[in-house]
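One structure is given below, encoded as structure tokens.
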4 protein chains.
Amino acid sequence: MRSAAIAGRQTVPEAAPATTEEQIVRAAVRLFAERGFHATGIRQLAEQAGINSSTLYHYMGTKEDLLFRIVQDSSKRLIEAARQLTARELDPPAAICGLVQIHVWSHATYSAETAVVDNELRALDKPRREAAVRLRDRYEAFWSKTVEAGCARGDFRVPDRRIARLGILQMCSGVAQWYSPSGKLSLRDLVAAHAQMVLGALGASRDRDQVRTLLLEADAQPIADRVWSQP
Amino acid sequence: MRSAAIAGRQTVPEAAPATTEEQIVRAAVRLFAERGFHATGIRQLAEQAGINSSTLYHYMGTKEDLLFRIVQDSSKRLIEAARQLTARELDPPAAICGLVQIHVWSHATYSAETAVVDNELRALDKPRREAAVRLRDRYEAFWSKTVEAGCARGDFRVPDRRIARLGILQMCSGVAQWYSPSGKLSLRDLVAAHAQMVLGALGASRDRDQVRTLLLEADAQPIADRVWSQP
Amino acid sequence: MRSAAIAGRQTVPEAAPATTEEQIVRAAVRLFAERGFHATGIRQLAEQAGINSSTLYHYMGTKEDLLFRIVQDSSKRLIEAARQLTARELDPPAAICGLVQIHVWSHATYSAETAVVDNELRALDKPRREAAVRLRDRYEAFWSKTVEAGCARGDFRVPDRRIARLGILQMCSGVAQWYSPSGKLSLRDLVAAHAQMVLGALGASRDRDQVRTLLLEADAQPIADRVWSQP
Amino acid sequence: MRSAAIAGRQTVPEAAPATTEEQIVRAAVRLFAERGFHATGIRQLAEQAGINSSTLYHYMGTKEDLLFRIVQDSSKRLIEAARQLTARELDPPAAICGLVQIHVWSHATYSAETAVVDNELRALDKPRREAAVRLRDRYEAFWSKTVEAGCARGDFRVPDRRIARLGILQMCSGVAQWYSPSGKLSLRDLVAAHAQMVLGALGASRDRDQVRTLLLEADAQPIADRVWSQP
DNA sequence: CATGAATGAGGATTCATTCAT
DNA sequence: AATGAATGAATCCTCATTCAT
């Protein structure tokens, strides 16, 4: 198991002393990602947040409420980033590189948050799970549209657009499971490697220099950075 | 436990009525895949297997033992398939197509079993988790070697071999999450699409006809079929 | 507070060694009567029944299920007794004496059971509370009919039949709160006194000898005895 | 706590807007009566009083303190009413009618307050419960004395004086459970019906006109009205 | 006067597991 | 081979209450 990657957040240093609520959410994100929702006890959660377990209930409704909040929050950040990117109306190859940049950067930097979104939806009850799936669908729609556009323009050639979208998303999500920001592989290289693989998978030309150019053109990392820094 | 029971959705219909043991393993595979290990209660398990919860303990040791056996069994099948394939010493492009064929077919056909392997390792205690990880590593080693060989021979061009291996494996594992054998997408097309995307991601030439030829050359599905049918 | 009266059951000695289930129900009846449903903890309940608190859940569903079972059981016994009595088609004065005999005897002898029925209905959720109220209404209908008949025949003269029914029932239920079977007041005298008061309240002639005769005619105690002895 | 707050449904409309304290007591009376002491949470109490739950602790000491104050206050009002009535030294039949008038009117008009006194004493700890029981005994002593006197004078003929006292009190208390001031049954008729039944139960002559005369003679409702209106 | 934060004890219930039958 | 009874530990969550602000 590649759990080392879960460490997460240290990238953006935070000056303000963490409020109790923040500490709870952080603890929850970490534990839900590491052990899973059902394997995380309310007492561990409290302990990790440095408070008594009953105090949790001043801040979260239910344990499940807390999960849902986390899922919702992280999903919305990704959606917002994709929205900002696609608003630029780049060509499909640049657009897909931008999406990869956002996705991979987010999954590498906020691996715990994204792992929760990717793995713990099934712990939600039906209405919330459906709400979470709708959010995920809204996010994936940005990918769909870009793939469609690229195929329509002849930039991409894929056997099946849906399979392609699912495949490249899955590939890029994988980094949350193994990438460690403290290792020697840089985020930049990680992103570039994925962009190159994605372009290849989509049947687009994928020369290393072209990829570099497309990533520069997309310049999506600032977007990702921004959406994850907002309160 | 006769490990034949793990097969799940039987491709080749089996005349023999399921033994109690088989039913337990089937129920476990289904529930662990659907809800996760920790969210699966021993009583649900028993109910789904059509027996009393105490009776479970004649067949499985612990709930965790049961998980471990499932993980071990499924992992070994994949390993055995990959072993048989690589024993043929195909050229890297054909070999990688064969691996994709095995992996995708297995994840599509035995989605519950593979999902358990992919998602529930963290529920195992340390020694068992490490044993399971060793099995996974043995399996992935076949992929590593093939990627290495392809890169060495110039068939593949990737920015980072480890990232490539992880990326394509992740992509191919994804099918367990969404593919439905009862839908209109055929297994053959599913496999072909993935082979094509994987070749692309690896920077190999990925003309559709070439892919078809490589898949025919690899002819790995019979292997997969066989390893999953064994007792 | 007159809690001494709650002791209850010892009247009918029981040869068979109490099963776990019986012990649970007895403990519940006693505690629900003494302290009330909400003031009775599941652990006290278990302790009084001589078992571990988790074992309770093999026998009762929920604590509330247990309450409902007790309410239902006791209500049905009273209904059955009243049914058997009214089947004799006595004259209203004798019939009302019989009802008093059943009611007072039951409330004196099974004070815990009847106290639970009388006081703890509000702890039930809506559907069960309504079911319990329906049972109570079925029981009180026997009283209504008898009062009506007596008024129609001129045996009784009351300002308002509904008030009368409620008043005399309430009066007779009171014994569960204070009567102690181990005190010096005999059940026979207790019943006779209430019969006399009820007849008076209903405006019927209430000479002591008449009351004695009516009670003999009704001869309802064997009925009460019987319905409470059934399993 | 200014005890005026306990009044509840104000017969005489009060101009002054309810103080926080009054609202707390009103909420407590209502909830303790409806659901019982143990089923009433401190937070519901606060919500119903329109304040934060911590604020409660400025007004009540403990939840149990609050219950005790309510019990004490209501008990004292009844005692005071009975004292004023018996100070008139009426003949036993008129006196008993006056007591019924007070008791029934109070239980009908202040059903929540009286229900709390009648049902929730067991939630008090021993010293307070005993204090509450002493108050109840002081109240019931007025009834005892009147019954005794009536029996001594030959106005009443009862098989057992204690049983008689308990029976008629119980009968009259019942109205708190079912009477609705907004229904079509008037308080006057309710009281008259009970007076008539009580006289009958005591073996006194109970002609309707006599009852009316006795009630007029007792003229106790103004007393009840007054004691419940005092601050 | 009023409150939000905080807590320890305890609420009911379910957990995986054992064992005698 | 199979089960019903039993349990201790743990589950999530709510309780009444305190206190600094």
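We use all heavy atoms of the structure for the numbers below, so side chains are in, but hydrogens, waters and symmetry mates are not. Proteins get letters first, then strands, A, B, ... in listed order; numbering begins at 1 in each.
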Using only heavy-atom distances, decide whether a donor-acceptor pair under 3.5 angstrom links the side-chain of B:His58 to the base of F:dA2.
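For B:His58, whose side chain was compared with the base of F:dA2, there is a donor-acceptor pair (under 3.5 Å).
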
Starting from [atom2] on [N], measure out to [atom1] on [X] and report it in whole angstrom.
{"X": "B:Glu21", "N": "F:dA2", "atom1": "CD", "atom2": "P", "answer": "11 Å"}
{"X": "B:Leu66", "N": "E:dA16", "atom1": "CG", "atom2": "P", "answer": "12 Å"}
{"X": "D:Tyr59", "N": "F:dT18", "atom1": "OH", "atom2": "P", "answer": "17 Å"}
{"X": "A:Ile24", "N": "E:dA5", "atom1": "CD1", "atom2": "C1'", "answer": "11 Å"}
{"X": "C:Phe37", "N": "E:dG11", "atom1": "CZ", "atom2": "P", "answer": "13 Å"}
{"X": "B:Glu47", "N": "E:dT14", "atom1": "CD", "atom2": "P", "answer": "14 Å"}
{"X": "C:Leu56", "N": "F:dA6", "atom1": "CG", "atom2": "C1'", "answer": "11 Å"}
{"X": "D:Gln44", "N": "F:dT17", "atom1": "CD", "atom2": "C1'", "answer": "17 Å"}

How do D:Thr55 and B:Thr62 order along DNA chain E: which one's closest nucleotide is nearer the 5' end?
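Nearest nucleotide further toward 5': that of D:Thr55.
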
5'-most contact on DNA chain E: B:Gly41 or A:Ile51, nearest heavy atom basis?
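Closest to the 5' end, via its nearest nucleotide, is A:Ile51.
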
Just by distance, no angles: are the side chains of B:Gln44 and B:Arg35 close enough, under 3.5 Å, to form a donor-acceptor pair?
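Note: B:Gln44 and B:Arg35 side chains meet the donor-acceptor criterion.
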
By nearest atom, which of the nucleotides [options] is closest to the [X] side chain?
{"X": "C:Arg43", "options": "F:dA10, E:dT3, F:dC13", "answer": "F:dA10"}
{"X": "B:Tyr57", "options": "F:dC13, E:dT18, E:dT7", "answer": "E:dT18"}
{"X": "D:Lys63", "options": "F:dC19, F:dT17, E:dA6", "answer": "F:dT17"}
{"X": "A:Met60", "options": "F:dC13, E:dA5, F:dT17", "answer": "F:dC13"}
{"X": "D:Ile42", "options": "F:dT3, F:dT17, F:dC13", "answer": "F:dT17"}
{"X": "D:Asn52", "options": "F:dC12, F:dT7, E:dT3", "answer": "E:dT3"}

Inspect the contact between [Y] and [X] and indicate whether a charged nitrogen and a carboxylate oxygen are less than 4.0 angstrom apart.
{"X": "C:Arg30", "Y": "C:Glu113", "answer": "no"}
{"X": "A:Lys126", "Y": "A:Glu130", "answer": "yes"}
{"X": "A:Glu21", "Y": "A:Arg69", "answer": "yes"}

Nearest-nucleotide wise, let me know which of B:Ser53 and D:Thr40 is further upstream toward the 5' end of DNA chain F.
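This one resolves to B:Ser53.
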
Looking at B:Leu56, B:Leu45, B:Ile42, which one forms a side chain to side chain contact (heavy atoms under 4.5 Å, CB included) with B:Leu66?
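So the option named by the test is B:Leu45.
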
Paired with E:dT3: which nucleotide, if any, by Watson-Crick or G-U wobble criteria at under 3.5 Å for both distances?
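Paired with E:dT3, as far as the under-3.5 Å criterion goes, is F:dA20.
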
Any base atoms under 4.0 Å from A:Thr20, or only sugar-phosphate, or nothing? Heavy atoms, all strands.
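It contacts sugar-phosphate atoms only.
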
